[in-house]
Amino acid sequence: MKAVHLTAPKNLEVVDKPEPGSPGVDEALIRVKAVGICGSDLHMYATGAIGYTKIEDPFTLCAKIN
């Protein structure tokens, strides 16, 4: 599936990620029809942080199964 990663302030990368496997006993697999980007995502994009939370690993903003 395709995903959008925020790797640094104002740096987005489209990456391929493996599709999820079958859910475990205490898990559920759901199909997402739409995603959105909230204000905190925009702040993270612009500055690289929200309060004390900083981008340390690629931050997945959204993903779509092909």
Side-chain angles (χ1 to χ4, degrees):
M1 70 180 166
K2 299 286 185 190
V4 176
H5 280 181
L6 178 62
T7 58
K10 300 182 181 176
N11 187 36
L12 298 172
E13 295 179 12
V14 177
V15 297
D16 287 312
K17 295 190 64 111
E19 293 193 26
S22 298
V25 174
D26 294 331
E27 299 177 326
L29 181 63
I30 60 171
R31 184 178 305 265
V32 177
K33 289 184 132 186
V35 297
I37 296 187
C38 69
S40 58
D41 293 335
L42 294 174
H43 190 72
M44 184 73 85
Y45 171 80
T47 67
I50 298 271
Y52 296 109
T53 304
K54 296 183 179 170
I55 300 171
E56 294 179 3
D57 297 317
F59 179 74
T60 301
L61 293 174
C62 61
K64 180 180 184 317
I65 295 175
N66 297 332

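Only this structure's heavy atoms are used, side chains among them; waters, hydrogens and symmetry mates stay out.
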Got a second to check how far Ile50's CD1 is from Tyr45's OH, nearest 0.5 Å? 14.5 Å

Please check: side-chain N/O of Thr47 versus main-chain N/O of His43, any donor-acceptor pairing under 3.5 Å? yes

What distance do Glu13 atom CD and Thr60 atom OG1 have between them, rounded to the nearest 0.5 Å? 11.0 Å

Looking at Pro58 and His5, what are the two nearest heavy atoms and their distance? CB-ND1, 3.3 Å

Roughly how far, to the nearest 0.5 Å, is CE of Met44 from NZ of Lys54? 11.0 Å

Between Pro9 and Gly48 the two heavy atoms that sit nearest each other are CG-CA, 3.6 Å

Side-chain heavy atoms under 4.5 angstrom apart, residues restricted to Ile, Leu, Val, Met, Phe, Trp, Tyr: same cluster for Leu12 and Ile55? yes

Of all heavy-atom pairs between Pro18 and Met1, which one has the smallest distance, and what is that distance? O-CE, 3.7 Å

